[in-house]
Enquirer: 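Please find one structure pasted underneath; my questions will follow.
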Amino acid sequence: MTNINGTLMPPSETKLSLANRGYMYGDALFETIRYANGQLLFWEDHYFRLMAGMRILRMQIPMDFTPENLQEQIIACINANSIAKSVVRIKMTVFRDATGFYTPDNNSIGYTIAVNKIDSPPFYTIPENSYEVELFKDHFVAPDLISTLKTNNKIVNVLGSIFAKENSYQNCLLLNSDKKVLEALNGNLFLVKGTTIKTPPLLDGCLRGVLRKQLIELIKKNKDYTIQELSISPFELQKADELFVTNVIQGIVPITKFRKKEYTAVVSKRLLGQLNAVVRFA
């Protein structure tokens, strides 16, 4: 079952028009949310990021788009698919529901909520397999506000994923047009050097990640490490002790190799334990 504009529908009936602006122009944005142990993880952060993104895209926010109502709709969709006792990946997409070409005739919205069971324990774990990455240099991301949003305009990520698959990499790192390392294809990037942990600033155009925010707050409370939101040059990658990627579905994924450099995962594992403690008592 899928939620279309507040109504649960079976797959045979979940059809969108070819005139849908999310399909035609990428005039849409989305949230990917993890559900485990009967709760939506970091729901408040997801909700406020969605609202902020809709405002930036000048979408009209409906009166019933409250955190309580949307949470109820997501849980209802999970229950309708009989996966409430599983770990679930939720994708909520909001699109401008209007006619017109580039210029819409209004700013009202429509939305969908889709849920999928994922094979994962309820807590985050560190994968033990190798995780090699490379820079994706065919196309660049603009260092602007739009790049920080989870819009449907993800063609650079798609092309980077194809490049990674064709060359047997587990992921790629994206660059912005200033040639600064921005993020991974599917999450934010953190670099560890000694007791300093760096992540690119939002001004560079990186995604305003929910788990990025959670980790920054977690590290700020940790006396053993210092967090910096600073630009990262490609030359810093091979000098780092650790690199890791974060997203709300996988948690923390350590990078094991970039070119000739191999990395440890000591800090990654330590932070993951602290992150699981936050999730557990949320």
Side-chain angles (χ1 to χ4, degrees), residues 32-43 45-46 86-89 118-135 161 164 168-174 181-201 206-230 232 234 236-282:
T32 305
I33 307 159
R34 180 181 169 106
Y35 167 94
N37 287 326
Q39 65 176 333
L40 302 178
L41 302 190
F42 317 122
W43 169 238
D45 288 342
H46 282 292
S86 304
V87 178
V88 180
R89 180 182 187 273
I118 57 177
D119 184 18
S120 169
F123 49 87
Y124 289 125
T125 60
I126 291 281
E128 297 297 332
N129 53 301
S130 62
Y131 200 85
E132 185 176 0
V133 304
E134 180 54 270
L135 294 176
S161 298
S168 299
Y169 296 117
Q170 281 66 56
N171 209 330
C172 280
L173 303 180
L174 299 176
V181 181
L182 195 62
E183 59 198 4
L185 295 169
N186 62 344
N188 291 104
L189 176 70
F190 286 77
L191 179 154
V192 181
K193 181 65 176 177
T195 59
T196 300
I197 302 175
K198 289 179 64 174
T199 193
C206 72
L207 178 69
R208 189 182 293 272
V210 165
L211 203 63
R212 173 187 183 274
K213 176 178 179 290
Q214 289 289 328
L215 270 185
I216 289 173
E217 293 175 355
L218 192 69
I219 296 167
K220 283 181 178 178
K221 298 175 183 177
N222 195 316
K223 297 179 181 179
D224 295 328
Y225 303 105
T226 301
I227 183 69
Q228 296 180 339
E229 294 183 67
L230 294 173
I232 296 176
E236 292 180 73
L237 298 177
Q238 296 188 69
K239 297 179 181 179
D241 300 323
E242 292 186 36
L243 299 174
F244 58 86
V245 177
T246 66
N247 64 58
V248 293
I249 300 299
Q250 296 173 291
I252 296 175
V253 181
I255 291 171
T256 60
K257 186 178 182 181
F258 169 68
R259 298 182 179 173
K260 294 182 180 180
K261 175 69 183 237
E262 296 186 359
Y263 305 94
T264 63
V266 175
V267 176
S268 304
K269 291 179 179 179
R270 185 173 183 182
L271 290 176
L272 189 77
Q274 296 172 7
L275 178 63
N276 276 327
V278 171
V279 171
R280 183 179 176 185
F281 296 109

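If you're wondering where the values come from, they're calculated on a predicted model, not measured in any experiment. Residues: numbered from 1 along the sequence shown.
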Enquirer: To the nearest 0.5 Å, what is the distance between CG (L272) and CZ (F123)?
Expert: 9.5 Å

Enquirer: Would you say F42 and I33 make side-chain contact, with heavy atoms under 4.5 Å?
Expert: no

Enquirer: Please assess R212 against E183 for the test salt bridge (Lys or Arg N to Asp or Glu O under 4.0 Å), listing each intermediate value before the final yes or no.
Expert: CA-CA 11 Å; R212 173 187 183 274; E183 59 198 4; over 6 Å; no

Enquirer: What heavy-atom pair brings V253 and Q250 nearest, and what distance separates the two atoms?
Expert: CG2-CB, 3.8 Å

Enquirer: Does the side chain to side chain contact (heavy atoms under 4.5 Å, CB included) test come out yes or no for V210 and L41, once each step is laid out?
Expert: CA-CA 10 Å; V210 165; L41 302 190; over 6 Å; no

Enquirer: Heavy atoms, side chains only, cut-off 4.5 Å: are N247 and L211 in contact?
Expert: no

Enquirer: Of all the heavy-atom pairs spanning R89 and I118, show the shortest one and how long it is.
Expert: CB-CG2, 3.8 Å

Enquirer: Is there a donor-acceptor contact under 3.5 Å from the side chain of Q170 to the main chain of E132?
Expert: yes

Enquirer: Which distance, rounded to the nearest 0.5 Å, do you find between the CG of N222 and the OG1 of T195?
Expert: 10.5 Å

Enquirer: Between N188 and L207, is there a donor-acceptor pair closer than 3.5 Å when you use the side chain of the first and the backbone of the second?
Expert: yes

Enquirer: Does S268 have any side-chain hydrogen bond (donor to acceptor under 3.5 Å, both in side chains) partners at least two apart in sequence or in another chain, and if so, which?
Expert: E242

Enquirer: Once rounded to the nearest 0.5 Å, what's the spacing between atom CG of L191 and atom CD of E236?
Expert: 6.0 Å

Enquirer: Please report the closest heavy-atom contact between Q214 and D45, naming both atoms and the distance.
Expert: NE2-OD2, 2.6 Å

Enquirer: State which residue, out of L243, I197, T264, L271, fulfils the side chain to side chain contact (heavy atoms under 4.5 Å, CB included) condition with V192.
Expert: I197

Enquirer: If we only count heavy atoms from C-beta on, is the V181 to P200 side-chain gap below 4.5 Å?
Expert: no

Enquirer: How long is the gap from NZ on K257 to OH on Y263, to the nearest 0.5 Å?
Expert: 11.0 Å

Enquirer: Measure from the side-chain N and O atoms of K198 to the backbone N and O of K193, and report whether any donor-acceptor pair falls under 3.5 Å.
Expert: no

Enquirer: Is there a donor-acceptor contact under 3.5 Å from the side chain of T196 to the main chain of T226?
Expert: no

Enquirer: Where is the tightest heavy-atom contact between P234 and L135, given as atom of each residue plus distance?
Expert: CB-CD1, 4.0 Å

Enquirer: Roughly how far, to the nearest 0.5 Å, is OG1 of T256 from CD of E128?
Expert: 11.0 Å

Enquirer: Looking at H46 and T32, what are the two nearest heavy atoms and their distance?
Expert: CE1-O, 3.0 Å

Enquirer: Considering residues, nucleotides and ligands other than D119, do more than 12 of their heavy atoms fall under 6.0 Å from its CG?
Expert: no

Enquirer: Where do L237 and L173 land on the side chain to side chain contact (heavy atoms under 4.5 Å, CB included) test, with the steps shown first?
Expert: CA-CA 10 Å; L237 298 177; L173 303 180; 3.8 Å; yes

Enquirer: Any side-chain heavy atom of I249 within less than 4.5 Å of one from N186?
Expert: no

Enquirer: Are Q274 and V278 side-chain neighbours, meaning at least one heavy-atom pair lies under 4.5 Å?
Expert: no

Enquirer: Side chains of L189 and L182, heavy atoms from C-beta outward: is any pair under 4.5 Å?
Expert: no

Enquirer: With a 4.5 Å limit on heavy-atom distance, are the side chains of F244 and L215 in contact?
Expert: yes

Enquirer: State, to 0.1 Å, how close S120 and R34 come at their nearest heavy-atom pair, and which atoms those are.
Expert: OG-NH2, 3.3 Å

Enquirer: Would you say N171's side chain and L185's backbone share a donor-acceptor pair under 3.5 angstrom?
Expert: yes

Enquirer: Please assess D224 against R270 for the test side chain to side chain contact (heavy atoms under 4.5 Å, CB included), listing each intermediate value before the final yes or no.
Expert: CA-CA 11 Å; D224 295 328; R270 185 173 183 182; 2.4 Å; yes

Enquirer: Where do Y35 and L40 land on the side chain to side chain contact (heavy atoms under 4.5 Å, CB included) test, with the steps shown first?
Expert: CA-CA 5 Å; Y35 167 94; L40 302 178; 3.7 Å; yes

Enquirer: Is there side-chain contact between I252 and Y124, with heavy atoms separated by less than 4.5 Å?
Expert: no

Enquirer: Give, for atom SG of C172 and atom CZ of F258, the distance between the pair rounded to the nearest 0.5 Å.
Expert: 10.0 Å

Enquirer: Between K221 and E217, is there a salt bridge with N-O shorter than 4.0 Å?
Expert: no

